[in-house]
Each structure stands twice: as structure tokens, then as C-alpha cells.
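Here the structure is laid out as C-alpha cells; the discussion comes afterwards.
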Amino acid sequence: MSHVFHRHLSHAYPTAVGGDGAYLIDAEGRRYLDACGGAAVSCLGHSDAEVIEAVREQVGQLAYAHSAFFTTEPMEALADFLIERAPEGLSSVYFVSGGSEAVEAALKLARQYVIERGEPERRHLIARRQSYHGNTLGALATGGNAWRRRQFEPLLVEVSHVSPCYAYRGQAEGETPEAYGERLARELEDEIQRLGSETVMAFVAEPVVGATLGAVPAVPGYFRRVREICDRHGILLILDEVMCGMGRTGSLFAAEQEGVAPDLVTIAKGLGAGYQPIGATLVSERIRSAIAEGSGFFQHGHTYIGHATACAAALAAQRAIESRDLLPRVRQLGDGLQRRLEARFGDHPRVGDIRGRGLFRGLELVADRETRAPFDPERQLHAAIKRTAMDHGLMCYPMGGTLDGRRGDHILLAPPFILEDGQLDEIVDKLDATLRSVLGPC
């Protein structure tokens, strides 16, 4: 018996022992094409020599210094790199160890900001149903996935949730994308008015929804309307780019493609590319100034904030992505993957929608294409697909509860940015074999 408290205590996991580019290798010598980046993490694959050397060099010089006593060169350099490329108005970076911590920091920064401004009545958060913002209690409360929240509900702060921008399910017949986005914007404003605009602190959203919906982008203009509404009511806009940011959708920050600048943005996963655990919250100048000119102290902290080795790894990863001009390649490979998915599954009777941006793609599975009816959740289709894909040497990211936390299944694909064109074919071929094994010939 393993003494590790694994995610699934009855599941036997293969032992990963090595990495080779886009592949992971287990103790039996089997190779798995990592078509999901673990969880949209491994954007440079599993054997990048430059990043590995950067980690070795930093550990040899200074592995860690507590941020209550010191700053470090890699932390300062990584902050400079990110802010130089960040959306307008963002001016500083608060480093943490992962995405959930980044969201927690953003929520606390938002609250302390309104306190410092003399607006303690601003206490309400608004987020979206079927969102995912992390598993710590504040992040979990903000997220809108009913299944993930259910057993912890007594521990969660109250958060309002409005509809996601989920065109496949939410856009009405005959409704244009623009009209659909406007309808959702009105719903947000109605919720602000219901709560009392003077009591709302922030609106939180993923620019492209990841784990819980499967690479769902917003319709054109939606986030510009959201930004306008937040500005009009004095509400902060927090964009969660933990999964969709750091180049995953084809631009370093996903917000760039929406034409908006958030007040706070959370990043992780692809930031360090899996070579070290790291996340960050980017903070606007107005939030930083309010705290700097007020108490001067952010009442929050973790032991590993700004970990020197983690920052060195992330800086090396981000420099590699930029110097190798990988973001245009993400867009090119993403278009190629979308074409292949549509050619193979566009008429598949069990694939209802194929969506996404860059190397962040999702397939929604349905029992009936015409009615868009989901599979019976008792079937646990997503779990069967994950197991079978591993048998075929493919790592993908299937999830259940796409519609409401219980019903619906989708497959998320988020492969490394370093793929070759032939590996796109390998992904689609192995995914096809997986669906045939699980669903039978169609």
C-alpha cells in the first residue's frame, strides 16, 4: 500500500520516471503524449534544457530567502518581465506558489483596497456559475461549480453567481453573439443593483473558462461591456488567467484578446511551465497606491512567496517562450489542432461542440447532437475516457458536470507549445481510438 494520500485512494497510478519533450515516461517504459499539459501547465514539455539549467544554477547560488527579510534578483527580474508585458495599468506582482493562492491573494487585495479607500461596505463578490477559481476556501467560494462546492458549503463565504458566457448552451436560437453578450451584461448589472452597487467589491471571471466548462471563450464584446459596468459602479475586475494565461490562448495574457485591462489578474500553471510551483497576482497601480499611501502593509502572506528558485525557473520559461517566438506558434498549432478536430469529430454523433483558442481546446460530448442532451452522469463517461486514453498512450483532461456541476462531459486539450505538426495528428488519432473504445463505432 502506498503511504501517499493520493487523489483517488482506490486508484493505482503508473509511476512517472522521465520526460522527453511532449511525452512522459512511466516505470514500465510506456510513453504518454501529454495533450493536456498535466493541467495546462507543461507548456515547454518535460525536458527543457534551458529551464532545467536555470533551476540548477539558482539552487547552487541561493535556493530560498524568506520575503519578510529579503528580496531576490530572480523575483525582481521576473516581476519586471511580467509588468513590461502586462495589460495597461498593472504595476506590481505578488508572487505565490500556485493558482488557488493567487486567487486568495486577489480577493484579499480587493477587500483591503476598499477598506483603505474608506468603503468597508463593499463586501460582495460576484462570479459566474460553472467557473473554477481554485480549491482553497475563498477561491472555492468564488468558483461556481456546484459539485466542487457542495460538501464544503457550510465553510464558504457567500458569493453571488451569474450566468457564464457559454454560447453553445446559453445563446438563444436566432440571437446574435453580440445580443447574447449584451443580455449577460444586463444580468450582471441587475445582480449589482440587487445587491446594491455600493456594496459590491469585485467581479471575478476567467477570460476563457477552463476545467469546468472546457475551453469556452466569451463572445465578442462581452468583456468590454463587463469592464464598462464595473467602472461605472466602482467595482474591481479580477480576471483569473491561471489556466488560460501565459500564452495558452496565443497571447501572453488572455485579456489582450478581449481588449480590456483588469484591476487584478491571477496567473500560475504555464508561468513556471511545471519546472517549479509558482503563481502570481498582478496588481493595478491604483490598488498598489491605495495601500502604499494608507496602511502600507498587505495583511496577507505565505512562507514561499517569491521563492527564488521558483522565480528563476519561471523567468527562464518565459524568456524561452519569447526568444523562441512560441506565441505565434501557439496560434498556428491551435488553428491546426482545431482543423483536425473538426475534420475528425465535426460530424461525430457524440461530439456536440468543438471550441477554444490557441492550444486550449475543448470537445463537449453529448448523448444526442440534435437535442444536446448530456450523457447520464452515473455513467462517469469522463472518467472512462481518461482511463482509456492513458491505455492508448494519451493524456487528456476530461471532466464531468459541464452543464451544472453534475450533468455533462467534456474533454480539455492543452498540449505543450513545442509540439510538431505530426503530434497534432497523433493527438487526434489517439483521441479517436479512445472515443471508439469507450463509445463504440459511430
Side-chain angles (χ1 to χ4, degrees), residues 4-7 13 15-19 24 34 36-68 70-79 81-82 93-108 132-140 143 210-211 240-248 252 265-282 300-321 395 397 414 416-417:
V4 175
F5 200 109
H6 285 290
R7 288 174 178 243
Y13 293 89
T15 302
V17 297
L24 281 168
D34 187 358
C36 58
V41 172
S42 300
C43 53
L44 291 175
H46 300 281
S47 57
D48 191 281
E50 288 184 27
V51 182
I52 292 168
E53 182 55 33
V55 172
R56 287 181 178 142
E57 182 178 339
Q58 186 60 48
V59 169
Q61 180 178 338
L62 171 71
Y64 165 73
H66 196 286
S67 62
F70 295 98
T71 188
T72 63
E73 291 178 354
M75 178 165 58
E76 297 288 346
L78 179 58
F81 182 98
L82 292 170
V93 186
Y94 187 86
F95 289 110
V96 291
S97 298
S100 296
E101 286 186 16
V103 171
E104 291 284 334
L107 299 178
K108 285 188 172 182
Y132 178 68
H133 298 295
N135 267 330
T136 51
L137 290 176
L140 185 62
D240 180 352
E241 297 199 8
V242 166
M243 188 170 261
C244 64
M246 295 293 95
R248 174 57 57 190
L252 188 60
V265 60
T266 59
I267 56 175
K269 297 191 184 292
L271 173 60
Y275 289 88
Q276 287 283 284
I278 188 168
T281 303
L282 278 69
H300 182 59
H302 295 284
T303 300
Y304 291 116
I305 287 171
H307 191 282
T309 306
C311 288
L315 183 59
Q318 295 308 311
R319 284 176 171 167
I321 290 168
M395 293 167 57
Y397 199 96
F417 303 170

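Remember, it's a predicted structure, so these values are computed and weren't measured experimentally.
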Assess whether side chain to side chain contact (heavy atoms under 4.5 Å, CB included) is satisfied between Ile305 and Glu101, documenting all intermediate values.
CA-CA 10 Å; Ile305 287 171; Glu101 286 186 16; 6.0 Å; no
Would one find more than 12 heavy atoms of other residues, nucleotides or ligands at under 6.0 Å from atom CZ of Phe70?
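Check fails, neighbour count at 12 or below.
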On the 0 to 90° scale, with breaks at 30° and 60°, tag the Tyr304-His307 ring pair as parallel, tilted or perpendicular.
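Plane angle between 30° and 60°, so tilted.
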Kindly determine whether Gln276 and Thr309 satisfy side chain to side chain donor-acceptor pair (under 3.5 Å), including the steps that lead there.
CA-CA 8 Å; Gln276 287 283 284; Thr309 306; 5.0 Å; no
Full working for side chain to side chain contact (heavy atoms under 4.5 Å, CB included) between Thr72 and Cys311:
CA-CA 9 Å; Thr72 63; Cys311 288; 5.6 Å; no
About how many Å separate CG of Asp34 and NE2 of His46, when rounded to the nearest 0.5 Å?
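One finds 3.5 Å between NE2 of His46 and CG of Asp34.
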Separation between NE2 of His300 and CD of Glu104, rounded to the nearest 0.5 Å:
7.0 Å
Hey, are the side chains of [X] and [Y] touching, using non-hydrogen atoms and a 4.5 Å cut-off?
X: Met243; Y: Tyr132; answer: no
X: Val4; Y: Tyr13; answer: no
X: Phe81; Y: Val93; answer: no
X: Met246; Y: Leu82; answer: yes

Tell me if a side-chain donor or acceptor on [X] pairs with a main-chain N or O of [Y] at a distance below 3.5 Å.
X: Gln318; Y: Leu271; answer: yes
X: Tyr275; Y: Ala316; answer: no
X: Thr266; Y: Thr281; answer: no

Testing the basics here: between [X] and [Y], what is the closest heavy-atom pair and its distance to 0.1 Å?
X: Gly306; Y: Phe95; value: N-CB, 3.6 Å
X: His66; Y: Thr303; value: CD2-O, 4.0 Å
X: Ala308; Y: Pro74; value: O-CG, 3.6 Å
X: Ile321; Y: Phe417; value: CD1-CE1, 4.0 Å
X: Leu107; Y: Ala139; value: CD1-N, 4.3 Å
X: Gly270; Y: Cys43; value: O-SG, 3.6 Å

Testing the 3.5 Å rule here: is there a donor-acceptor pair between the side chains of Ser100 and Asn135?
no
Atom pairs and distances, side-chain donor-acceptor, residues 51-60, under 3.5 Å, sequence neighbours left out:
from	atom 1	to	atom 2	distance (Å)
Gln58	NE2	Leu62	O	2.8

